[in-house]
Structures are given as structure tokens and as C-alpha cells.
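Below, each value reflects all heavy atoms present in this structure, side chains not excepted, and no hydrogens, waters or symmetry copies.
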Amino acid sequence: MTAPNHIAGGIVITGLFCSLWNVNIFANPIYITTTFLGALLPDIDHTKSVIGKTAYPLAKWLSVKFGHRTITHSLVFLFSITALLYFLEHFRIIAIQQSITTNAHPITLILFFAVFSHLLLDMFTIQGIPLFYPFYRNPCVIPANVDLRIASGNLKQEGVALFIFAFLAMFLQDLFANGFWFTYNKQFNDITHLEREFKNANTLLNVNYDFNMFQENYQGNGFLVYADYQQCYILGDTLIHLNKYQQGQIINKLVPAKTKEALTITTCNFSNITIDSINQILANNFVSTGKIFSNQKIDLVTKEGLQNEIYFDVKNEYNLHFIKSIKDSLNHAIFKSVQDIEYKIKLEEDALNFSNSKYFRSRDQLKELKQKLHQVGQLSNYEINEIKNKIIKLENYLSNALPKRSKTMVKLYNQLEELKAKEVNPNIYLSGSVSYFQLPP
């Protein structure tokens, strides 16, 4: 095959196989360059090929020593060049800044499949290649029927092949970008396949969900912060917990999408910190695991309810919050007394407001009449005189009538201040560690 088809076919074949290892050949300029070079590399034994002209001395030596389509078109060459690059990459002799991937040797993987693509495509030609050279020199071909193979240099056949490769390269872009298994798993819309992708994911996943809980429908997007074979947690505006065996739950859509953010978990270790400090750490965070100790019993608000303990072993909790326990303590009695006094103060205020209602109504009425008196152009002389007489009466009443005051209320407020001053605030300290997902803002 000609160089354009080896490049186009190399992109399709290499991109497809590398997607099985979540390596996107378009994610890094080095990756796609390696694909181009690997797809052309076996033709370095031909002085008139594109890569042969670039490395002419080496190409001439290989052509004279072995001839075209011999050693460089064999499995010996494929595994030798792969082993060499693996060694260089493994020992950081070739150090390339990688994109986010779980594969430790992406360059080696890409080169292997790029060279493999060249050998595979040449097997579809009439001449074939000696794949097992130098041990077995007969050519290997696919398919056996010569009429179904491509004649190298045939413009019509090469053109059709180039069109197919170009179409596939465009059509498979989503597969290259997301990886084969991610593309496969997201087709199923269920927790099981979501859990598989969560375990294998090397980036944070954003999940588009649509489910019914009895008669209510819930739709939205959120980050997948935990998943196992029967449940998952999705954190968006709120925390969504889906369970495979939840009664009344019907999942309509559960489609993950990769983000550019790395999947990272932050572990925070702390020792002898206050309740306010631990609450700042836990606020709006999804805690995957955590072990927390307190020097005395305190209350922890969880999704299951209130827990009153000294030791807490937490898992898959969101927005945890600690509060001081007042059960069976002096604070509990003080709190009850404060509530009683506040209630009495409210009753006394209501009674006092009722007793002074005439005084306050008169004051409001006087204010309204004075405002109305300024509308001179809209009132007759009779109306003006009437308003002035009412104002005089109200002023006389208000000057002689003062609002009532309550000595009882003053006493109650003094008692309230004394009780609040007696509140017991024990020194509570917490130690331990929590691990939570580092989510983007």
C-alpha cells in the first residue's frame, strides 16, 4: 500500500486498539506523531519510500542487505522495536509528559499497534509479507483469494481504501477520545456498567441521570463520587443515591461523560481540633471513608439520622456536621429553662401590646391626619377644621397618656441573661482522618 493509506489506516487501527487501554492517540502531539512514524516505519527498507528518503543511509543499507518487505515486515522487527522503546520509556530515557491515562507506557503501546497496522495492511496486498521472516520466508496474505486483495499502486483500489479509512477516522473520534470500554459501558444505562467504568476511570465522571421514584421524576447532572455493583452516589445540587434494589425506583437514563479533571481523593489528617474546625473540613464534601475520635460523646448528623458516639467510622457521607451533645447534661436543663422564660416573655409582650393598643393607634392616627392636612388644595375649609380639631384632641390624649411598661418583663430579661451566662461549653476535641473527593468548583 502507499504511504497515505498506511497513515490513514494506521490512525484507524492504532486508535481502535489503543482505545482498549484508554489511550487516545489524539490526546498528545507526540502520540499522533508516533502513530504516523510507526505506520510508515516498516518501509524504511525502501529508498524511495517517504521514510526511506528521510533516513536514506539506513534505508539503502537495509535494501542492499535484506531487500524490500523482508526483515522490517516481520514479527521479529515488530517485537524488537517494541521492546527497545519499552526499555527506553520504562527507564525514563525517553521522558514524555503524558495526558491523563492509566497506561504507564502509552508511546510503546502506540508504536506497537502503528507498526502492526502497516504489517496488517500489507498482508491485504497481492504480494503479501513474510511475517515469520527469517524463519519462514513465504508471504502471509489476507484473504487467500488473490482477486480479493489490493494491488499496490492501483489508484482505484487505493482510493477506495483511503476513503474508507478517512471515513472511519472521523466516525470513530468519540471512541478514540473516550476509550472502548467507556463507550461500551455507557450504552447500558444501569448501575452495574456505571460501576465498571467508575473503577476503571482515570478522570472524574459527570453523569446525566433521569429516574423515577414512585410518581416523582428526577433529572439532572452530577459527579459520580462512588459506585459499586448495586448502588451509586451522584453529587450535583444535592446528593443522589441510587440503589439497584430500591423499591419504587425506575432508572430511565444513567449516562456517564468524562471530564478533563483527574479523579483525586484528598486525605485530611487532624489531631485535637475543635468542632468548628472539623465542620469546616466536612462542609459540602463527599467523604468516601473516615475515622473520627472525640474526647467525649458528641452528636453527628448523617444521612441515617443523629449518632451520639465517641468514635465514628463513616463511609459515603455528604456534608457531615457535628453538634455538641446536651443529652443528660446541665446544658439540657438550662436550655429548657431558657425556652420557658422566652415563652413567658412572649406572653408578657403580647399582653403589654394589647394594653397599649389604644395609645399606639392614636399615635398612628395622629401621624396620618398631619399628613392629610398638608393636602390643602384637595380639602375644603370644613374638612380642614375637622382635621385640626381631631389633631388637637389626639395631641391632648397622647400628652396625658403614656404607654404602660412591665416590671415583670424586666425581671424576665434579667433571668434570661443569668441563665445564658451559666451555659456549660465543655472543651471537645476531635482527632482522626477523612478522605473526600476533590471536586471542581
Engineer: Shortest non-hydrogen contact from L162 to A8?
Structural biologist: CD1-CB, 3.8 Å

Engineer: Please answer whether the main-chain N or O of V76 pairs with a side-chain N or O of S80 as donor and acceptor at a distance below 3.5 Å.
Structural biologist: yes

Engineer: Students often mix this up, so state it plainly: with edges at 30° and 60°, are the rings of Y136 and F132 parallel, tilted or perpendicular?
Structural biologist: perpendicular

Engineer: When you compare the side chain of F223 with that of N206, does any pair of heavy atoms fall below 4.5 Å?
Structural biologist: yes

Engineer: Quick check against the 3.5 Å criterion: does N285 have a side-chain atom that pairs as donor or acceptor with the backbone of V287?
Structural biologist: no

Engineer: Could you state the interatomic distance from OG1 (T72) to CG (D45), rounded to the nearest 0.5 Å?
Structural biologist: 3.0 Å

Engineer: Taking atom CZ as the centre, does F163 end up with more than 12 heavy-atom neighbours from other residues, nucleotides or ligands that are less than 6.0 angstrom away?
Structural biologist: no

Engineer: Considering only heavy atoms from C-beta outward, does the side chain of H118 approach that of D43 to under 4.5 Å?
Structural biologist: yes

Engineer: CG/L119 to CZ/R69 distance, rounded to the nearest 0.5 angstrom?
Structural biologist: 10.0 Å

Engineer: What are the two closest heavy atoms between C232 and L224, and how far apart are they?
Structural biologist: CB-CD1, 4.1 Å

Engineer: In sequence, state the C-alpha distance, the side-chain angles, and the governing distance for E348 and K344, and then conclude on salt bridge (charged side-chain N to carboxylate O under 4.0 Å, His left out).
Structural biologist: CA-CA 6 Å; E348 190 68 22; K344 290 178 182 179; over 6 Å; no

Engineer: So, Q157 side chain and A151 main chain: donor-acceptor pair closer than 3.5 Å or not?
Structural biologist: yes

Engineer: For the CG atom of N243 and the CD1 atom of I191, what is their distance to the nearest 0.5 Å?
Structural biologist: 6.5 Å

Engineer: Determine the minimum heavy-atom distance between A169 and I11, stating which atoms define it.
Structural biologist: CB-CG2, 4.4 Å

Engineer: Can you label the angle between the W21 ring and the F113 ring as parallel, tilted or perpendicular, going by 30° and 60°?
Structural biologist: tilted

Engineer: Side chain to side chain contact (heavy atoms under 4.5 Å, CB included) between N208 and D210: does it pass, once the steps are laid out?
Structural biologist: CA-CA 7 Å; N208 181 260; D210 179 355; 5.6 Å; no

Engineer: Can you name the nearest heavy-atom pair linking A55 to I44, along with the distance?
Structural biologist: CB-CD1, 4.1 Å

Engineer: Short question: side chain of T35, backbone of Y31 - any donor-acceptor pair under 3.5 Å?
Structural biologist: yes

Engineer: State whether the number of non-hydrogen atoms from other residues, nucleotides or ligands found under 6.0 Å of Q247 atom CD is greater than 12.
Structural biologist: no

Engineer: Looking at side-chain heavy atoms only, is the closest gap between F270 and I278 below 4.5 Å?
Structural biologist: yes

Engineer: Inspect the surroundings of CG in D237 and state if more than 12 heavy atoms from other residues, nucleotides or ligands are less than 6.0 Å away.
Structural biologist: no

Engineer: Closest heavy-atom contact between G179 and N22?
Structural biologist: CA-OD1, 3.7 Å

Engineer: Is the side chain of N272 donor-acceptor paired with the backbone N or O of Y429 at a distance under 3.5 Å, no angle test?
Structural biologist: no

Engineer: Output yes when a side-chain donor or acceptor of N217 lies under 3.5 Å from a complementary backbone atom of N212, and no otherwise.
Structural biologist: no

Engineer: Under a 4.5 Å cut-off applied to non-hydrogen side-chain atoms, are I298 and N308 in contact?
Structural biologist: no

Engineer: If I take atom CD1 from residue I240 and atom OH from residue Y218, how far apart are they, to the nearest 0.5 angstrom?
Structural biologist: 8.0 Å

Engineer: Could you tell me whether the side chain of N284 reaches within less than 4.5 Å of the side chain of Y318, counting heavy atoms only?
Structural biologist: yes

Engineer: Is the closest side-chain heavy-atom distance between I292 and F322 below 4.5 Å?
Structural biologist: yes

Engineer: Is the number of heavy atoms from other residues, nucleotides or ligands under 6.0 Å of L148 CG greater than 12?
Structural biologist: yes

Engineer: Side chains of L194 and F198: closer than 4.5 Å at any heavy-atom pair?
Structural biologist: no

Engineer: Mind listing the closest non-hydrogen atom pair of S117 and G10 along with its distance?
Structural biologist: OG-CA, 3.3 Å

Engineer: Got a donor-acceptor contact below 3.5 angstrom from the Q231 side chain to the A227 backbone?
Structural biologist: no

Engineer: Going through the distances and angles, do L306 and V301 end up as a side chain to side chain contact (heavy atoms under 4.5 Å, CB included)?
Structural biologist: CA-CA 5 Å; L306 200 66; V301 181; 3.7 Å; yes

Engineer: Would you find a donor on one side and an acceptor on the other, under 3.5 Å apart, between the side chain of S288 and the backbone of S435?
Structural biologist: yes

Engineer: Under 3.5 Å, side chain of N5 to main-chain N/O of E158, donor-acceptor pair present?
Structural biologist: yes

Engineer: Can you tell if the side chain of L88 reaches within under 4.5 Å of the side chain of I107, non-hydrogen atoms only?
Structural biologist: no

Engineer: Starting from the C-alpha separation in whole Å, work towards a yes-or-no answer on side chain to side chain contact (heavy atoms under 4.5 Å, CB included) for F182 and L205.
Structural biologist: CA-CA 11 Å; F182 178 86; L205 298 178; 3.8 Å; yes

Engineer: When you look at T266 and Q438, which way does the side-chain hydrogen bond (donor to acceptor under 3.5 Å, both in side chains) test go after all the steps?
Structural biologist: CA-CA 6 Å; T266 298; Q438 193 70 44; 2.7 Å; yes

Engineer: Ring centroids only, cut at 6.0 angstrom: are Y233 and F286 within range, meaning strictly under it?
Structural biologist: yes

Engineer: Taking atom CZ of F17 as the centre, does the number of heavy atoms from other residues, nucleotides or ligands within less than 6.0 Å exceed 12?
Structural biologist: no

Engineer: CD1/I341 to NZ/K411 distance, rounded to the nearest 0.5 angstrom?
Structural biologist: 13.5 Å

Engineer: Is it true that a side-chain atom of E89 and a backbone atom of T108 form a donor plus acceptor pair closer than 3.5 Å?
Structural biologist: yes

Engineer: Looking only at side-chain N and O atoms, does K65 offer a donor or acceptor that is under 3.5 Å from a partner on T70?
Structural biologist: no

Engineer: For F188 and H193, take the angle between the two ring planes, folded into 0 to 90°, and tell me which bin it lands in: parallel under 30, tilted 30 to 60, perpendicular over 60.
Structural biologist: parallel

Engineer: Do E342 and K346 sit within salt-bridge range, that is, some charged N less than 4.0 Å from a carboxylate O?
Structural biologist: no

Engineer: Inspect the surroundings of CZ in F171 and state if more than 12 heavy atoms from other residues, nucleotides or ligands are less than 6.0 Å away.
Structural biologist: no

Engineer: For the residue pair F211 and Y209, categorise the inter-ring angle as parallel (less than 30°), tilted (30 to 60°) or perpendicular (more than 60°).
Structural biologist: tilted

Engineer: Nearest 0.5 Å, what's the CD-CG distance between E197 and N178?
Structural biologist: 8.5 Å

Engineer: Working note: H6 + D122, criterion side chain to side chain contact (heavy atoms under 4.5 Å, CB included); need CA distance, chi angles, decisive distance, verdict.
Structural biologist: CA-CA 9 Å; H6 276 302; D122 274 355; 3.1 Å; yes

Engineer: Should we say atom OH of Y343 is surrounded by more than 12 heavy atoms from elsewhere, each under 6.0 Å from it?
Structural biologist: no

